[in-house]
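One structure is given below, encoded as C-alpha coordinates.
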There are 2 protein chains.
Amino acid sequence: MAEGQGTESGQALLFLTDEQLRKGIEAMFFAYRAFTADPDRILTDMAYGRAHHRALHFINRSPGTTVTNLLAILNVTKQSLNRVLRTLIEDGLVESRVGTTDKRERHLYLTEAGAVLERQLSDAQRDRMRAAYRTAGPAAVAGFRQVLEAMMDDEARRQYDELKEPKG
Amino acid sequence: MAEGQGTESGQALLFLTDEQLRKGIEAMFFAYRAFTADPDRILTDMAYGRAHHRALHFINRSPGTTVTNLLAILNVTKQSLNRVLRTLIEDGLVESRVGTTDKRERHLYLTEAGAVLERQLSDAQRDRMRAAYRTAGPAAVAGFRQVLEAMMDDEARRQYDELKEPKG
DNA sequence: ACAATACGTCAGCCTTGTTGACATTCCAAG
DNA sequence: CTTGGAATGTCAACAAGGCTGACGTATTGT
(Lines give C-alpha, C1' and ligand atoms only; values in the text may rest on other atoms or scores of the structure.)
Protein backbone atom coordinates (compact mmCIF):
# COMPACT_ATOMS: atom_id res chain seq x y z
CA MET A 1 0.00 0.00 0.00
CA ALA A 2 2.85 2.31 0.69
CA GLU A 3 4.07 1.82 -2.87
CA GLY A 4 1.92 4.51 -4.47
CA GLN A 5 -1.55 5.63 -5.37
CA GLY A 6 -3.66 4.37 -8.22
CA THR A 7 -6.19 1.88 -9.37
CA GLU A 8 -5.77 -1.68 -10.55
CA SER A 9 -6.35 -0.43 -14.07
CA GLY A 10 -2.98 1.26 -13.93
CA GLN A 11 -4.38 4.40 -15.50
CA ALA A 12 -4.31 6.74 -12.53
CA LEU A 13 -1.22 8.86 -12.07
CA LEU A 14 1.17 7.38 -9.56
CA PHE A 15 3.56 9.35 -7.44
CA LEU A 16 6.87 7.70 -8.21
CA THR A 17 9.85 9.09 -6.40
CA ASP A 18 13.31 9.03 -7.92
CA GLU A 19 14.20 6.74 -5.04
CA GLN A 20 11.55 4.18 -5.97
CA LEU A 21 12.63 4.26 -9.59
CA ARG A 22 16.29 3.95 -8.68
CA LYS A 23 15.54 0.82 -6.70
CA GLY A 24 13.81 -0.63 -9.74
CA ILE A 25 16.80 0.23 -11.92
CA GLU A 26 19.24 -1.40 -9.54
CA ALA A 27 17.00 -4.45 -9.17
CA MET A 28 17.12 -4.86 -12.95
CA PHE A 29 20.90 -4.55 -12.95
CA PHE A 30 21.57 -7.11 -10.25
CA ALA A 31 18.85 -9.52 -11.33
CA TYR A 32 19.94 -9.53 -14.95
CA ARG A 33 23.48 -10.28 -13.93
CA ALA A 34 22.32 -13.27 -11.89
CA PHE A 35 20.01 -14.26 -14.72
CA THR A 36 22.91 -14.61 -17.17
CA ALA A 37 25.48 -15.92 -14.71
CA ASP A 38 24.61 -19.63 -14.86
CA PRO A 39 24.72 -20.03 -18.66
CA ASP A 40 27.81 -17.81 -18.79
CA ARG A 41 29.63 -20.15 -16.46
CA ILE A 42 28.83 -23.16 -18.61
CA LEU A 43 29.80 -21.35 -21.79
CA THR A 44 33.21 -20.10 -20.75
CA ASP A 45 34.20 -23.68 -20.02
CA MET A 46 33.81 -24.38 -23.73
CA ALA A 47 35.15 -21.23 -25.40
CA TYR A 48 31.70 -19.88 -26.23
CA GLY A 49 30.06 -16.67 -25.11
CA ARG A 50 26.68 -15.14 -24.50
CA ALA A 51 26.28 -14.46 -28.19
CA HIS A 52 26.39 -18.18 -28.91
CA HIS A 53 23.76 -18.79 -26.26
CA ARG A 54 21.41 -16.25 -27.80
CA ALA A 55 21.78 -17.80 -31.24
CA LEU A 56 21.16 -21.30 -29.92
CA HIS A 57 18.14 -20.13 -27.96
CA PHE A 58 16.34 -18.54 -30.88
CA ILE A 59 17.24 -21.24 -33.38
CA ASN A 60 15.82 -23.77 -30.95
CA ARG A 61 12.81 -21.55 -30.48
CA SER A 62 12.12 -21.23 -34.20
CA PRO A 63 13.71 -24.14 -36.06
CA GLY A 64 14.26 -23.37 -39.72
CA THR A 65 14.48 -19.64 -39.12
CA THR A 66 16.54 -17.68 -41.62
CA VAL A 67 19.64 -15.60 -41.00
CA THR A 68 17.69 -12.41 -41.66
CA ASN A 69 15.06 -13.37 -39.10
CA LEU A 70 17.71 -14.00 -36.53
CA LEU A 71 19.38 -10.69 -37.29
CA ALA A 72 16.13 -8.87 -36.62
CA ILE A 73 15.56 -10.60 -33.31
CA LEU A 74 19.09 -10.29 -32.01
CA ASN A 75 19.51 -6.76 -33.26
CA VAL A 76 23.13 -7.16 -34.34
CA THR A 77 24.93 -6.81 -37.63
CA LYS A 78 25.24 -9.76 -39.93
CA GLN A 79 29.01 -9.66 -39.61
CA SER A 80 28.68 -10.03 -35.88
CA LEU A 81 26.14 -12.82 -36.11
CA ASN A 82 28.04 -14.55 -38.86
CA ARG A 83 31.15 -14.89 -36.74
CA VAL A 84 29.15 -16.69 -34.06
CA LEU A 85 27.11 -18.77 -36.51
CA ARG A 86 30.21 -19.88 -38.36
CA THR A 87 31.80 -21.37 -35.26
CA LEU A 88 28.55 -23.08 -34.29
CA ILE A 89 28.25 -24.64 -37.75
CA GLU A 90 31.92 -25.63 -37.85
CA ASP A 91 31.54 -27.27 -34.45
CA GLY A 92 28.50 -29.20 -35.60
CA LEU A 93 25.97 -27.58 -33.29
CA VAL A 94 23.96 -25.82 -35.97
CA GLU A 95 23.00 -26.95 -39.44
CA SER A 96 22.43 -24.48 -42.28
CA ARG A 97 20.20 -25.72 -45.10
CA VAL A 98 19.71 -23.90 -48.38
CA GLY A 99 16.09 -22.84 -48.78
CA THR A 100 13.84 -24.89 -51.05
CA THR A 101 11.51 -22.21 -52.36
CA ASP A 102 14.08 -19.43 -52.13
CA LYS A 103 17.59 -20.76 -52.54
CA ARG A 104 19.16 -17.52 -51.28
CA GLU A 105 17.90 -18.19 -47.80
CA ARG A 106 19.67 -20.37 -45.26
CA HIS A 107 17.43 -22.16 -42.81
CA LEU A 108 18.99 -22.83 -39.44
CA TYR A 109 18.47 -25.92 -37.29
CA LEU A 110 20.08 -27.30 -34.17
CA THR A 111 21.87 -30.62 -34.57
CA GLU A 112 21.62 -33.27 -31.90
CA ALA A 113 24.70 -31.86 -30.21
CA GLY A 114 23.35 -28.33 -30.53
CA ALA A 115 20.07 -29.34 -28.92
CA VAL A 116 21.97 -30.94 -26.05
CA LEU A 117 23.94 -27.79 -25.32
CA GLU A 118 20.90 -25.56 -25.71
CA ARG A 119 19.02 -27.72 -23.25
CA GLN A 120 21.88 -27.59 -20.80
CA LEU A 121 22.00 -23.80 -20.97
CA SER A 122 18.27 -23.20 -20.78
CA ASP A 123 17.91 -25.73 -17.97
CA ALA A 124 20.29 -23.67 -15.88
CA GLN A 125 18.42 -20.49 -16.68
CA ARG A 126 15.02 -22.06 -16.14
CA ASP A 127 16.05 -23.47 -12.78
CA ARG A 128 16.82 -20.00 -11.51
CA MET A 129 13.66 -18.56 -13.00
CA ARG A 130 11.55 -21.34 -11.53
CA ALA A 131 13.02 -20.84 -8.08
CA ALA A 132 12.36 -17.11 -8.27
CA TYR A 133 8.80 -17.66 -9.46
CA ARG A 134 8.09 -20.09 -6.65
CA THR A 135 9.53 -17.81 -4.04
CA ALA A 136 7.60 -14.80 -5.27
CA GLY A 137 4.30 -16.54 -6.01
CA PRO A 138 1.87 -16.35 -8.93
CA ALA A 139 0.56 -12.85 -8.28
CA ALA A 140 4.08 -11.46 -8.27
CA VAL A 141 4.90 -13.36 -11.45
CA ALA A 142 2.00 -11.75 -13.25
CA GLY A 143 3.17 -8.31 -12.17
CA PHE A 144 6.73 -9.11 -13.12
CA ARG A 145 5.69 -9.94 -16.66
CA GLN A 146 3.42 -6.90 -16.90
CA VAL A 147 6.19 -4.49 -15.99
CA LEU A 148 8.73 -6.12 -18.28
CA GLU A 149 6.33 -6.00 -21.20
CA ALA A 150 5.53 -2.37 -20.50
CA MET A 151 9.23 -1.60 -20.48
CA MET A 152 9.87 -2.91 -24.00
CA ASP A 153 9.87 -0.56 -26.95
CA ASP A 154 7.35 -1.28 -29.70
CA GLU A 155 9.82 -3.17 -31.86
CA ALA A 156 10.89 -5.47 -29.03
CA ARG A 157 7.31 -6.06 -27.93
CA ARG A 158 6.33 -7.02 -31.45
CA GLN A 159 9.14 -9.58 -31.60
CA TYR A 160 8.31 -10.81 -28.13
CA ASP A 161 4.65 -11.29 -29.00
CA GLU A 162 5.49 -13.11 -32.20
CA LEU A 163 7.51 -15.58 -30.18
CA LYS A 164 4.68 -16.04 -27.72
CA GLU A 165 2.73 -18.51 -29.81
CA PRO A 166 5.06 -21.31 -30.84
CA LYS A 167 2.85 -22.47 -33.69
CA GLY A 168 1.89 -18.87 -34.72
CA MET B 1 -5.68 -17.57 -11.98
CA ALA B 2 -4.62 -19.41 -15.09
CA GLU B 3 -1.00 -18.71 -14.24
CA GLY B 4 -0.53 -21.49 -11.72
CA GLN B 5 -1.51 -22.82 -8.35
CA GLY B 6 -0.38 -21.58 -5.01
CA THR B 7 -1.01 -19.25 -2.17
CA GLU B 8 -0.10 -15.65 -1.70
CA SER B 9 2.64 -16.77 0.63
CA GLY B 10 4.47 -18.21 -2.34
CA GLN B 11 5.30 -21.37 -0.45
CA ALA B 12 3.03 -23.83 -2.24
CA LEU B 13 4.48 -25.70 -5.19
CA LEU B 14 3.54 -24.16 -8.49
CA PHE B 15 3.21 -26.02 -11.72
CA LEU B 16 5.52 -24.09 -13.99
CA THR B 17 5.74 -25.31 -17.54
CA ASP B 18 8.86 -24.86 -19.60
CA GLU B 19 6.74 -22.66 -21.81
CA GLN B 20 5.86 -20.28 -18.96
CA LEU B 21 9.48 -20.11 -17.90
CA ARG B 22 10.66 -19.52 -21.45
CA LYS B 23 8.33 -16.57 -21.73
CA GLY B 24 9.82 -15.13 -18.59
CA ILE B 25 13.33 -15.61 -19.94
CA GLU B 26 12.49 -13.90 -23.20
CA ALA B 27 10.71 -11.09 -21.37
CA MET B 28 13.92 -10.47 -19.42
CA PHE B 29 15.96 -10.47 -22.60
CA PHE B 30 13.84 -7.99 -24.53
CA ALA B 31 13.06 -5.78 -21.55
CA TYR B 32 16.69 -5.49 -20.49
CA ARG B 33 17.65 -4.48 -23.98
CA ALA B 34 15.06 -1.71 -23.97
CA PHE B 35 16.11 -0.79 -20.43
CA THR B 36 19.67 -0.05 -21.51
CA ALA B 37 18.85 1.37 -24.94
CA ASP B 38 18.20 4.99 -23.93
CA PRO B 39 21.42 5.57 -21.96
CA ASP B 40 23.37 3.65 -24.58
CA ARG B 41 22.16 6.04 -27.26
CA ILE B 42 23.28 9.06 -25.27
CA LEU B 43 26.64 7.49 -24.48
CA THR B 44 27.67 6.51 -27.98
CA ASP B 45 27.28 10.14 -28.99
CA MET B 46 30.12 10.94 -26.64
CA ALA B 47 32.53 8.00 -27.01
CA TYR B 48 31.50 6.41 -23.73
CA GLY B 49 29.93 3.03 -23.12
CA ARG B 50 27.74 1.19 -20.67
CA ALA B 51 30.67 0.63 -18.33
CA HIS B 52 31.03 4.39 -17.89
CA HIS B 53 27.35 4.64 -17.08
CA ARG B 54 27.61 1.97 -14.40
CA ALA B 55 30.59 3.69 -12.80
CA LEU B 56 28.85 7.07 -12.79
CA HIS B 57 25.70 5.54 -11.35
CA PHE B 58 27.35 3.91 -8.37
CA ILE B 59 29.73 6.77 -7.65
CA ASN B 60 26.74 9.08 -7.59
CA ARG B 61 24.95 6.58 -5.42
CA SER B 62 27.78 6.34 -2.89
CA PRO B 63 29.99 9.43 -3.07
CA GLY B 64 33.46 8.85 -1.65
CA THR B 65 33.36 5.14 -2.36
CA THR B 66 36.71 3.45 -2.95
CA VAL B 67 37.88 1.64 -6.05
CA THR B 68 37.69 -1.67 -4.20
CA ASN B 69 34.08 -1.04 -3.21
CA LEU B 70 33.20 -0.27 -6.78
CA LEU B 71 34.96 -3.42 -7.95
CA ALA B 72 32.85 -5.54 -5.64
CA ILE B 73 29.61 -4.00 -6.86
CA LEU B 74 30.40 -4.05 -10.56
CA ASN B 75 31.98 -7.49 -10.43
CA VAL B 76 34.76 -6.76 -12.91
CA THR B 77 38.53 -6.80 -12.64
CA LYS B 78 40.22 -3.73 -11.32
CA GLN B 79 42.10 -3.36 -14.60
CA SER B 80 38.82 -3.19 -16.47
CA LEU B 81 37.34 -0.66 -14.09
CA ASN B 82 40.52 1.34 -14.05
CA ARG B 83 40.44 1.99 -17.77
CA VAL B 84 36.95 3.42 -17.49
CA LEU B 85 37.77 5.44 -14.39
CA ARG B 86 40.88 6.87 -16.00
CA THR B 87 38.96 8.33 -18.93
CA LEU B 88 36.27 9.69 -16.62
CA ILE B 89 38.93 11.35 -14.47
CA GLU B 90 40.84 12.70 -17.47
CA ASP B 91 37.64 14.14 -18.85
CA GLY B 92 36.87 15.83 -15.55
CA LEU B 93 33.72 13.87 -14.73
CA VAL B 94 35.10 12.06 -11.71
CA GLU B 95 37.46 13.21 -9.01
CA SER B 96 39.78 10.79 -7.25
CA ARG B 97 41.00 11.86 -3.82
CA VAL B 98 43.74 10.02 -1.96
CA GLY B 99 42.43 8.61 1.31
CA THR B 100 43.27 10.49 4.48
CA THR B 101 43.51 7.59 6.92
CA ASP B 102 44.72 5.09 4.35
CA LYS B 103 46.67 6.68 1.53
CA ARG B 104 46.41 3.58 -0.63
CA GLU B 105 42.71 4.15 -1.09
CA ARG B 106 41.21 6.46 -3.69
CA HIS B 107 37.86 8.01 -2.86
CA LEU B 108 35.71 8.74 -5.87
CA TYR B 109 33.36 11.68 -6.36
CA LEU B 110 31.43 13.09 -9.29
CA THR B 111 32.43 16.57 -10.41
CA GLU B 112 29.80 19.09 -11.47
CA ALA B 113 30.12 17.89 -15.06
CA GLY B 114 29.96 14.28 -13.96
CA ALA B 115 26.79 14.89 -11.99
CA VAL B 116 25.24 16.54 -15.04
CA LEU B 117 25.93 13.55 -17.27
CA GLU B 118 24.84 11.09 -14.61
CA ARG B 119 21.58 12.95 -14.24
CA GLN B 120 21.06 12.95 -17.99
CA LEU B 121 21.58 9.21 -18.22
CA SER B 122 19.50 8.25 -15.23
CA ASP B 123 16.72 10.61 -16.31
CA ALA B 124 16.43 8.69 -19.54
CA GLN B 125 16.35 5.39 -17.71
CA ARG B 126 13.94 6.62 -15.06
CA ASP B 127 11.56 7.95 -17.69
CA ARG B 128 11.21 4.51 -19.21
CA MET B 129 10.90 2.86 -15.81
CA ARG B 130 8.28 5.38 -14.70
CA ALA B 131 6.22 4.85 -17.84
CA ALA B 132 6.36 1.08 -17.37
CA TYR B 133 5.40 1.38 -13.70
CA ARG B 134 2.45 3.60 -14.53
CA THR B 135 1.24 1.33 -17.27
CA ALA B 136 1.48 -1.78 -15.12
CA GLY B 137 0.17 -0.28 -11.88
CA PRO B 138 1.34 -0.54 -8.27
CA ALA B 139 0.40 -4.17 -7.68
CA ALA B 140 2.41 -5.26 -10.70
CA VAL B 141 5.34 -3.14 -9.58
CA ALA B 142 5.43 -4.91 -6.24
CA GLY B 143 5.45 -8.28 -7.99
CA PHE B 144 8.12 -7.14 -10.41
CA ARG B 145 10.43 -6.23 -7.58
CA GLN B 146 9.68 -9.44 -5.67
CA VAL B 147 10.61 -11.65 -8.61
CA LEU B 148 13.76 -9.68 -9.43
CA GLU B 149 14.92 -9.88 -5.85
CA ALA B 150 14.22 -13.60 -5.72
CA MET B 151 16.27 -14.05 -8.88
CA MET B 152 19.43 -12.53 -7.44
CA ASP B 153 22.13 -14.73 -5.97
CA ASP B 154 23.04 -14.11 -2.35
CA GLU B 155 26.02 -11.91 -3.17
CA ALA B 156 23.99 -9.67 -5.47
CA ARG B 157 21.11 -9.44 -3.01
CA ARG B 158 23.47 -8.42 -0.26
CA GLN B 159 24.89 -5.61 -2.42
CA TYR B 160 21.42 -4.62 -3.53
CA ASP B 161 20.17 -4.43 0.04
CA GLU B 162 23.14 -2.39 1.15
CA LEU B 163 22.30 0.16 -1.50
CA LYS B 164 18.69 0.25 -0.43
CA GLU B 165 19.14 2.63 2.45
CA PRO B 166 21.02 5.71 1.23
CA LYS B 167 22.02 6.79 4.71
CA GLY B 168 22.40 3.19 6.00
C1' DA C 1 18.28 -7.69 -68.94
C1' DC C 2 18.54 -5.58 -64.63
C1' DA C 3 17.62 -4.14 -59.93
C1' DA C 4 16.83 -5.82 -55.50
C1' DT C 5 17.38 -9.34 -51.97
C1' DA C 6 19.84 -12.77 -48.98
C1' DC C 7 23.93 -14.20 -47.51
C1' DG C 8 28.94 -14.49 -46.79
C1' DT C 9 33.49 -12.38 -46.14
C1' DC C 10 37.58 -9.30 -45.64
C1' DA C 11 39.57 -5.45 -43.24
C1' DG C 12 39.71 -2.52 -39.49
C1' DC C 13 37.91 -0.10 -35.53
C1' DC C 14 36.00 0.35 -30.47
C1' DT C 15 34.50 -1.06 -25.89
C1' DT C 16 35.12 -3.88 -22.24
C1' DG C 17 36.22 -8.00 -20.41
C1' DT C 18 40.60 -10.93 -19.17
C1' DT C 19 45.68 -12.13 -17.07
C1' DG C 20 50.37 -10.82 -15.78
C1' DA C 21 53.75 -7.68 -14.02
C1' DC C 22 54.70 -3.86 -11.06
C1' DA C 23 54.65 0.33 -7.78
C1' DT C 24 52.98 2.21 -3.62
C1' DT C 25 51.32 2.06 0.96
C1' DC C 26 50.15 0.02 5.30
C1' DC C 27 50.75 -2.95 9.16
C1' DA C 28 52.51 -6.34 12.05
C1' DA C 29 56.23 -9.55 13.53
C1' DG C 30 60.74 -9.91 14.51
C1' DC D 1 63.41 -0.03 13.30
C1' DT D 2 63.23 -2.91 9.72
C1' DT D 3 61.39 -6.00 6.79
C1' DG D 4 58.06 -8.93 4.59
C1' DG D 5 53.42 -9.66 3.35
C1' DA D 6 48.92 -7.92 2.21
C1' DA D 7 46.13 -4.49 0.23
C1' DT D 8 45.45 -0.95 -3.28
C1' DG D 9 45.85 0.84 -7.55
C1' DT D 10 48.36 1.37 -12.47
C1' DC D 11 50.32 -0.15 -16.94
C1' DA D 12 50.70 -3.56 -20.93
C1' DA D 13 48.94 -6.83 -23.86
C1' DC D 14 45.36 -9.85 -25.51
C1' DA D 15 40.46 -11.77 -26.72
C1' DA D 16 35.43 -11.55 -27.41
C1' DG D 17 32.07 -9.46 -29.68
C1' DG D 18 29.99 -5.34 -30.93
C1' DC D 19 30.41 -1.83 -35.11
C1' DT D 20 31.05 0.31 -40.21
C1' DG D 21 32.28 -0.05 -44.99
C1' DA D 22 33.17 -2.41 -49.18
C1' DC D 23 32.64 -6.19 -52.04
C1' DG D 24 31.34 -10.82 -54.24
C1' DT D 25 27.86 -14.27 -55.41
C1' DA D 26 23.67 -16.50 -56.06
C1' DT D 27 18.94 -15.99 -56.67
C1' DT D 28 14.63 -13.73 -57.37
C1' DG D 29 11.32 -10.86 -59.38
C1' DT D 30 10.15 -6.97 -62.47
Side-chain angles (χ1 to χ4, degrees), chain A residues 29 32-33 36-37 39-57 59 64-91 94-109, chain B residues 29 32-33 36-37 39-59 64-91 94-109 121:
Chain A
F29 172 74
Y32 193 79
R33 189 162 71 188
T36 56
D40 282 356
R41 242 187 312 278
I42 297 171
L43 286 159
T44 50
D45 290 347
M46 43 203 332
Y48 288 141
R50 207 175 290 178
H52 300 82
H53 181 194
R54 290 196 285 258
L56 290 174
H57 175 97
I59 293 172
T65 190
T66 64
V67 173
T68 304
N69 278 341
L70 212 47
L71 285 175
I73 288 176
L74 296 176
N75 226 4
V76 296
T77 60
K78 63 177 175 180
Q79 294 89 333
S80 206
L81 174 59
N82 192 256
R83 189 182 329 145
V84 168
L85 229 37
R86 196 180 349 180
T87 70
L88 289 175
I89 292 170
E90 281 171 4
D91 295 353
V94 168
E95 191 188 349
S96 166
R97 299 186 203 151
V98 173
T100 50
T101 68
D102 187 336
K103 290 179 193 158
R104 292 171 302 180
E105 294 180 340
R106 301 298 141 91
H107 298 270
L108 302 169
Y109 300 87
Chain B
F29 173 73
Y32 193 78
R33 192 162 71 188
T36 55
D40 281 357
R41 242 189 310 278
I42 296 171
L43 287 159
T44 49
D45 290 348
M46 44 205 327
Y48 287 143
R50 207 175 289 178
H52 299 83
H53 181 194
R54 290 196 284 258
L56 291 174
H57 175 97
F58 287 109
I59 293 172
T65 190
T66 64
V67 173
T68 303
N69 278 341
L70 215 44
L71 284 176
I73 289 176
L74 297 177
N75 226 5
V76 296
T77 59
K78 59 183 175 176
Q79 295 84 339
S80 198
L81 174 60
N82 190 257
R83 185 179 333 116
V84 167
L85 279 180
R86 195 185 341 169
T87 70
L88 289 174
I89 292 169
E90 281 171 4
D91 295 352
V94 168
E95 192 187 351
S96 165
R97 300 186 203 153
V98 173
T100 50
T101 68
D102 188 336
K103 288 180 194 160
R104 292 172 302 182
E105 293 180 342
R106 300 300 138 91
H107 298 269
L108 303 169
Y109 301 87
L121 294 170

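Proteins get letters first, then strands, A, B, ... in listed order; numbering begins at 1 in each. Side-chain atoms are counted along with the backbone in the values below, which use heavy atoms only and exclude waters and symmetry mates.
- Within 4.0 Å of A:N75, counting heavy atoms only, lie sugar-phosphate atoms of the nucleic acid but no base atom.
- The minimum heavy-atom distance linking B:L121 with B:P39 is given by the pair CD2-O, 3.8 Å.
- Summarising the geometry, the separation between CG on B:L88 and P on C:dT16 is reported as 10 Å, rounded to the nearest angstrom.
- Pairs passing the salt bridge (Lys or Arg N to Asp or Glu O under 4.0 Å) check and including a residue from residues 41-55 of chain B, sequence neighbours excluded, read B:D38-B:R41, B:D40-B:R50.
- Side-chain contact between B:F58 and B:L74 is present, with heavy atoms from C-beta onward closer than 4.5 Å.
- Here the C1' atom of nucleotide D:dT10 and the CG atom of B:L71 are 12 Å apart, to the nearest Å.
- In this entry the distance linking CG of A:L70 with P of D:dG18 reads 12 Å, nearest Å.
- Atom CD1 of residue B:I59 and atom CG of residue B:N69 lie 11.0 Å apart, to the nearest 0.5 angstrom.
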Would you tabulate the side-chain donor-acceptor contacts of residues 80-89 of chain A under 3.5 Å, counting partners in other chains and residues two or more places apart, or write 'none'?
{"residue": "A:T87", "atom": "OG1", "partner": "A:H52", "partner atom": "NE2", "Å": "3.3"}
{"residue": "A:T87", "atom": "OG1", "partner": "A:V84", "partner atom": "O", "Å": "2.8"}

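- Residue pairs meeting the salt bridge (Lys or Arg N to Asp or Glu O under 4.0 Å) criterion with at least one partner in residues 98-107 of chain A, sequence neighbours excluded, are A:D102-A:R104.
- Protein atom CG of B:D40 is 13 Å distant from nucleotide atom C1' of D:dC19, rounded to whole Å.
- For residues 41-52 of chain B, proximity to DNA chain C is found at B:A47, B:G49, B:R50, B:A51, B:H52, defined as any non-hydrogen atom under 4.0 angstrom from a strand atom.
- When the side-chain nitrogen and oxygen atoms of B:R54 are compared with OP1 and OP2 of C:dG17, one or more of them lie within a distance under 4.0 Å.
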Provide a list of protein-nucleic acid N or O atom pairs under 3.5 angstrom, restricted to nucleotides 25-30 of chain D.
{"residue": "D:dT27", "atom": "O2", "partner": "A:R104", "partner atom": "NH1", "Å": "3.3"}
{"residue": "D:dT28", "atom": "OP1", "partner": "A:T101", "partner atom": "O", "Å": "3.2"}
{"residue": "D:dT28", "atom": "OP1", "partner": "A:K103", "partner atom": "N", "Å": "3.1"}

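- For residues 76-85 of chain A, proximity to DNA chain D is found at A:V76, A:T77, A:Q79, A:S80, A:R83, defined as any non-hydrogen atom under 4.0 angstrom from a strand atom.
- The shortest distance between side-chain heavy atoms of B:L56 and B:Y48 does not fall below 4.5 Å.
- Going from atom CZ of B:R33 over to atom C1' of D:dG17 covers 15 Å, rounded to whole Å.
- Closest of all the heavy-atom pairs between A:G64 and A:H107 is O-ND1, 2.8 Å.
- Taking each heavy atom of A:L43 and A:G49 in turn, the nearest pair found is CD1-O, 3.5 Å.
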